[in-house]
Amino acid sequence: MSGRLVSSGIRLPKHVAGDGRLDPMKISLSSHAQRQTLQRIYTQRSQHRQFHVSPSQAAKSRFDSPKSEKDESRFAAAKSKENAPKSTPEPNAAQDQGEPRVTRKEVKRERTKILLEQREQKVRELEAQEKERLEQEKQEAERAEQERQELKRLVKEQLGLETENPAKEEKSRSEQSSNVVRNIFFSGVASAGALVLWEMWRFAYSTEPLNDQKFSPFEIVDRQQVSPTAFIITVKPVVSRLGGLASQWKLAWLETLQHKLAWEGTWAVEIKQPELQVARDYTPLPELDVLSATNEYDTRGRIELFQLLKGLFSPQQSIPTFKFLIRRTEGGEVSSWLSRRKVGDTIELRGPHQSFNVVARAGYKEAEEPKRVVFLAGGTGIAPALQAAGSLFREHGQTLKKMPQVDIIWANRSKEDIKTDNPVIKLLEKLKEMSRGKINYVCVVDEERRFITANDIVAKTQITPPRKSWFWNSSKAESTPSKDDVNCYYHSSKHLITSAGEDYEKVDGENPRRQCACPVGRPSFKNLLMVSGPEGFNNHFAGPKYWADGKERQGPVGGVIGELAKKYPSLASDWLVLKL
Ligand SMILES: Cc1cc2nc3c(=O)[nH]c(=O)nc-3n(C[C@H](O)[C@H](O)[C@H](O)COP(=O)(O)OP(=O)(O)OC[C@H]3O[C@@H](n4cnc5c(N)ncnc54)[C@H](O)[C@@H]3O)c2cc1C
């Protein structure tokens, strides 16, 4: 226990002096106000001791000089107590006699009271502040709501949506719904317009799926090995998978082109080897369904329109394909690269490059009597032979009456090339059947020591040796009237010597047929003897071509046929020899 021992042996609290009085400075109080209060109590006690004043007097003196507002109220309370009738005796009167009347408990109570009062005061102040803040917030919220309502009213007024009566409201509602319908309608029209514009843009800027200016992608969809060195690949154009008008148009355009080309004669496309950036010509095989199509495909424009409409109404339209018979040449840049391509691979094509218009050269529709077309084909040279036969069939297929007799002699190295399951053999058989024998073929194979001979050519062309003149009794051949003194591009042998096989004029991007310039009343047609194969093959039978002005030209007829022409003058006068 803290405190101090006095002489009497009694331990006093530390804030009580030796004479029993309270020592205010020894009482530990935190606040100044508390210290003051105790100081007052101490003073009161001293006064009481020195002057023997009564508690009421002490209270009076205590409150005589109020230090604060609080003290003032206490002072007033004490005064009123003092003025009150003294009916009851002072409770502590006996103790006033020399004894300290303020105990520690009282000090503590007083101090606690003061603290409580202070705290209560603080709480009241905080409550008042909080109330004031809430009040302000409420007022602000009310003001904002008023402004919002006002704004809403103004907007409604501006938009004319102010409804004052139910009729007006109903009218406004119906107007709103008709607005919605109108908006939906115009959105639909706008979307359709955008779609049409998009398609027109694609239509205008889409390149043709096959053109002679730049290479276009084609996908290999089939590959068939027909002999150890030869194979057939089928390709289809790569068009957008999304379809749409532009894609349909592309397919329709290509199908149309196929029909047009099949009708006229021989043509080829270039295939690019992308690694070496070189290209070589290859000849598409004719498609049977194209050859057997009816004559509704009359002109180019009509074909396109018909195909386009067909394509639009049948999105699953057939995709036109091209087939190539290719022989892998040992060390060849393009053919060996192509031989390694598989189904699914993409190759690039450019073309078409048309050469001989077989139909026009063989007399076209003016033919007065069926003519003959003989084709000497070596290896893959069978492809142009099939094109020529196909175009003549396409032209005369309906009546077959005026169709020239077509004889193909196909020379190959091995028997494997002419197996019955070879698609080329199948195609030849089908053409023979469809043309009721007007198209015929024979195969000769090196392996069997069977080659195309001069006798074969004589037999197929049915040329006859010149008759001996009975008058001169000499071996001099009877002169045959020349049919070659015309300048017709299609039917003059002289003209043919310098020809680069350009049987089509280029007019405004179109390749129309040339006009036959043969004089009226004279036969304007010729028999055709065509030679198609590797360079050596062509040179052997018809003599070499020559280059002039950057173009490969036909040159004079030489080789086996040139020799025959010397013996058979009708070969020179009635036949055109075309080197492919
Ligand atoms: C109108 C037309 C249509 C055609 N159609 C077809 C067809 O349908 N199918 C078909 O298979 N072919 C066709 N061809 C032939 C074809 O275009 C190619 O000529 C043939 O495929 C060979 O080309 P390549 O690039 O493989 O060989 P290339 O690289 O051109 O070589 C050809 C030959 O020359 C040799 N050679 C190349 N360079 C040299 C050199 N520096 N020195 C010595 N020898 C060399 C090679 O070893 C090879 O034997 C056609 C040609 C034309 C003109």
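All values derive from a computational prediction rather than experimental measurement. Order of appearance sets the numbers: ligands from 1, and atoms from 1 within every ligand.
Atom CG of Leu571 and atom CD of Glu563 lie 11.5 Å apart (nearest 0.5 Å).
Thr283 pairs by the side-chain contact (heavy atoms from CB on, under 4.5 Å) definition with Ala268, Ala383, Pro384, Gln387, not counting sequence neighbours. For Val278, the side-chain contact (heavy atoms from CB on, under 4.5 Å) partners at least two apart in sequence or on another chain are Gln273, Leu276, Arg280, Glu333, Val334. Looking at residues two or more places apart in sequence or on another chain, you find a ring pair (Phe, Tyr, Trp, His ring centres under 6.0 Å) between Tyr489 and His495.
Using a 4.0 Å heavy-atom criterion, the residues that approach ligand 1 are Arg280, Asp281, Tyr282, Thr283, Leu325, Ile326, Arg327, Thr329, Glu330, Gly332, Glu333, Val334, Ser335, Thr380.
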List the steps, then state whether side chain to side chain contact (heavy atoms under 4.5 Å, CB included) holds for Arg341 with Val235. CA-CA 12 Å; Arg341 304 277 71 78; Val235 297; over 6 Å; no

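Of all non-hydrogen atoms in Phe375 and Ser532, the two that sit nearest each other are CE2-CB, 3.5 Å.
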